[in-house]
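One structure is given below, encoded as structure tokens.
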Amino acid sequence: MFSTRMPRASRRVFAIGLAAAMAGLAGLAQAQQQGAPIRLLVGFPAGAGTDAIARTLGEKLKDQLGAPVVVENRAGAGGQIAAQALKAAPADGHTLLLSHDHTISILPQVVKNPGYNSATDFVPVAGFATFANVLAVSGGTPAKSLDEYLKWVRTQRGGKDTIGVPAPASIPEFLVKMIGSKYKIDVQAAPYRGSAPMTADMLGNQISAGIASVPDFIENHRAGKLRIVATIGAKRQALLPQVPTFTEMGFANLEDLPYYGVFAPVGTPQPVIDRFGEALAKVLAMPDVKQKLTTMGLTVAYEPQGQFAGRVRTYTQTWEQIIKASGFTPQ
């Protein structure tokens with residue numbers, strides 16, 4: 001019952017807001033009963049690390065949500081196409097974006113007109129993992145450490161080399177710039193459309209090194225086909241205890257780890273967001289899911305909406321300073 005002290009206009013606004021939220025939740029429940037799928041957008045190709053993560057979670061989420069969860073690959077432009085699709089989708093909880101930091105925190109800072117604004121067009125739903133970007137060398141490179149790679153570049157390549165990155169103007173590209181500046185070598189970034197084609201070229205010795213996430217490289221590292229020689233983060237990765245961090249080697253501002261999370265269009269009813277977050281938390285608590293994601297190179301930890309939103313803000317601010325300091329001009 002409304003308080004008689006509440007102004008009539010305020011009661012009207014409250015009633016409209018409550019009705020909208022309940023309608024959104026009821027609409028989602030009704031659609032799920034009818035078997036309507038939930039689209040989980042992924043901004044990278046099938047076979048890439050992000051795609052594998054999305055399919056692992058989607059398979060389990062369908063049981064928790066009572067509806068099929070369909071992973072939809074909208075690959076290209078570092079996740080930009082998928083983000084634009086999320087912005088255009090109805091805010092009814094049936095279209096979500098599973099993304100890492102690049103699409104949300106980095107792209108809007110390096111592209112003049114990305115077609116979306118992460119802060120105003122999307123709402124964080126929940127976070128579920130962090131990971132490390134790493135430098136790996138190809139099997140055709142004799143180096144087994146960063147120092148050996150640098151020596152090889154100087155002695156065998158005349159101080160020049162090309163390092164692959166999964167997307168232009170990405171954190172891996174800025175890491176290439178930082179490596180070149182610190183060690184006084186001429187290394188250029190070669191942007192790809194995702195980590196999968198880049199890794200294929202590394203395996204074929206078309207390029208001698210690449211920077212991407214642990215999930216993108218870990219299986220080939222274990223198989224000895226590629227060698228991870230440095231990681232970001234304040235401490236070494238549990239899966240890579242012998243691999244030093246860039247911080248250990250004197251690089252600054254590389255302590256904050258990139259994140260993975262789920263995002264919804266702004267205006268999505270809060271009960272819908274809460275329900276998805278609760279389902280995700282249950283899935284992440286499953287031993288087989290946690291083990292699989294950990295094996296992929298993720299540090300799994302559920303973060304509810306408020307906590308995850310704080311992580312996104314802090315991380316975005318850190319890289320805003322790095323990007324500005326680099327002199328990079330949005331293109």
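Residue numbers count from 1 along this sequence.
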Q. Does Lys182 make a cation-pi contact with Phe251, if we ask for NZ or CZ under 6.0 Å from the ring centre and within 45° of the axis?
A. yes
Any idea how [X] and [Y] line up, ring-wise: parallel (<30°), tilted (30 to 60°), or perpendicular (>60°)?
X      : Y      : result
His100 : Phe44  : tilted
Phe174 : Trp319 : tilted
Tyr260 : Phe131 : tilted

Q: Report the C-alpha distance between Thr318 and Asp256 in whole Å, list the side-chain angles of each, state the deciding distance to 0.1 Å, and finish with yes or no for side chain to side chain donor-acceptor pair (under 3.5 Å).
A: CA-CA 8 Å; Thr318 295; Asp256 288 344; 3.2 Å; yes
Under 3.5 Å, is there a donor-acceptor pair between the side chain of [X] and the main chain of [Y]?
X      : Y      : value
Thr314 : Arg311 : no
Thr231 : Ala132 : no
Asn205 : Gly140 : yes
His102 : Ser170 : no
Tyr192 : Asp201 : no
Thr199 : Ser195 : yes
Asp92  : His94  : yes
Thr162 : Val187 : no

To the nearest 0.5 angstrom, please state how far the [atom1] atom of [X] sits from the [atom2] atom of [Y].
X      : Y      : atom1 : atom2 : result
Thr295 : Leu239 : OG1   : CG    : 7.0 Å
Leu257 : Leu298 : CG    : CG    : 11.0 Å
Ile163 : Ile207 : CD1   : CD1   : 9.0 Å

Q: Go through the steps to decide whether Arg236 and Val243 satisfy the test side chain to side chain contact (heavy atoms under 4.5 Å, CB included), and finish with yes or no.
A: CA-CA 7 Å; Arg236 297 188 181 193; Val243 178; over 6 Å; no
Q. How about Phe128 and Phe308: are their ring centres within less than 6.0 Å of each other?
A. no
Q: Step by step, work out the side chain to side chain contact (heavy atoms under 4.5 Å, CB included) result for Gln188 and Lys160.
A: CA-CA 8 Å; Gln188 301 297 321; Lys160 299 180 179 181; over 6 Å; no
Q: Using the test side chain to side chain donor-acceptor pair (under 3.5 Å), find all partners of Tyr116 that sit at least two apart in sequence or belong to another chain.
A: none
Q: Ignoring hydrogens and angles, state whether a donor on the side chain of Asp161 or Ser208 is under 3.5 Å from an acceptor on the partner side chain.
A: yes
Under 3.5 Å, which donor-acceptor pairs link side chains of residues 278-292 to any protein atom two or more places apart or in another chain?
residue	atom	partner	partner atom	Å
Asp288	OD2	Lys60	NZ	3.0

